[in-house]
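Only a predicted model underlies this, so the values are computations on that prediction, with no experimental measurement involved.
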Amino acid sequence: MAIRTQESLSGFIATDPQLTYTERGEARFYARFGQENFRREDTGEFTKLDPSFGNLVLYRATAERAYERFSKGDQFVAEGYTHDYSYERDGQQIEGSEFVAKKIGHDTARTRYDVDRTPRRGLDREAASRGTPAWEQDRSFDPSERTRPATEAPVLGH
């Protein structure tokens, strides 16, 4: 079985997040993100350089959850894809790119937080319909080491 992979992005939320709605009524999260850059010197030390910035967007339920939980300055890790776009405005061609995150969570290496392991109602109903508790559904790859729900950082997605 092939391992499914996607692009990932880590950085910090550089602007206050915005939540808007598309013409189809879908939620859209938007924020500028930043990434810190460093240069390794001949001495082995690192010199901090100016950060680079880009556009981060999320859609639908993931956008709404991210808007509730992320603020300017938060460190994140996201999974998704880069989307290059172009359009014409006032006779000028505008081109750019944005990272479309399908899942996003706080960066566990740079963020302290508490994890709420209370099952979400939606997951409980879905699990009940399959006859398996929600927290057991992710155990199939390594059931011997996991007796509780995942301990990784909460990930917003889908």
Side-chain angles (χ1 to χ4, degrees), residues 2-37 50-141 146 148-158:
I3 297 174
R4 294 179 293 162
T5 61
Q6 294 206 353
E7 289 180 53
S8 65
L9 173 72
S10 62
F12 60 92
I13 304 291
T15 61
D16 289 326
Q18 300 172 16
L19 184 67
T20 58
Y21 291 87
T22 66
E23 292 177 1
R24 291 185 291 185
E26 296 177 340
R28 179 181 184 268
F29 171 102
Y30 170 80
R32 295 280 291 167
F33 71 88
Q35 292 182 303
E36 296 177 354
N37 297 303
D50 290 336
S52 51
F53 296 94
N55 299 316
L56 173 68
V57 296
L58 299 94
Y59 292 96
R60 296 177 281 284
T62 305
E64 293 173 331
R65 287 191 298 264
Y67 184 74
E68 292 173 5
R69 298 175 185 165
F70 282 88
S71 300
K72 181 179 177 181
D74 286 352
Q75 300 283 332
F76 70 90
V77 177
E79 172 186 291
Y81 59 92
T82 302
H83 172 239
D84 295 323
Y85 59 84
S86 66
Y87 61 91
E88 187 175 317
R89 180 190 304 166
D90 300 329
Q92 290 192 343
Q93 189 69 22
I94 298 174
E95 297 182 356
S97 65
E98 60 191 7
F99 189 82
V100 181
K102 295 166 69 177
K103 297 180 179 178
I104 188 168
H106 288 92
D107 185 343
T108 59
R110 297 174 175 216
T111 307
R112 288 186 294 145
Y113 55 87
D114 295 320
V115 176
D116 179 1
R117 291 190 172 83
T118 305
R120 292 182 7 202
R121 279 189 253 167
L123 291 176
D124 286 345
R125 276 184 255 135
E126 185 177 311
S129 69
R130 287 188 237 153
T132 306
W135 62 271
E136 288 186 347
Q137 291 182 16
D138 64 347
R139 294 179 55 196
S140 61
F141 67 94
R146 301 182 89 184
R148 299 178 43 158
T151 57
E152 294 86 15
V155 174
L156 308 175
H158 299 263

Taking the side chain as everything from C-beta on, heavy atoms only, tell me whether Ser97 gets closer than 4.5 Å to Asn55.
no

task: Report yes if the side chains of Tyr113 and Thr111 come closer than 4.5 Å at any heavy-atom pair, otherwise no.
output: yes

Exactly one candidate in Phe29, Phe99, Tyr30 meets side-chain contact (heavy atoms from CB on, under 4.5 Å) with Val57; the answer is Tyr30

Salt bridge (charged side-chain N to carboxylate O under 4.0 Å, His left out) filter on Arg110, not counting sequence neighbours, yields Glu36

Are Leu9 and Gln35 close enough that some pair of their side-chain heavy atoms sits under 4.5 Å apart? yes

Sequence neighbours excluded, the answer for side-chain hydrogen bond (donor to acceptor under 3.5 Å, both in side chains) partners of Asp116 is Thr118

Side chains of Ile104 and Leu56: closer than 4.5 Å at any heavy-atom pair?
yes

Exercise. With a 4.5 Å limit on heavy-atom distance, are the side chains of Leu58 and Tyr67 in contact?
Worked result: no

Requested in this report: Check whether any side-chain heavy atom of Tyr59 sits under 4.5 Å from a side-chain heavy atom of Thr22, and report yes or no.
Outcome: yes

- Side chain to side chain, Tyr81 and Lys102, heavy atoms closer than 4.5 Å: yes

Parallel, tilted or perpendicular for His106 and Phe70, by the 30°/60° rule? parallel

Quick note, salt bridge (charged side-chain N to carboxylate O under 4.0 Å, His left out) partners involving residues 6-29, not counting sequence neighbours, are Arg24-Glu26, Glu26-Arg60, Arg28-Glu98

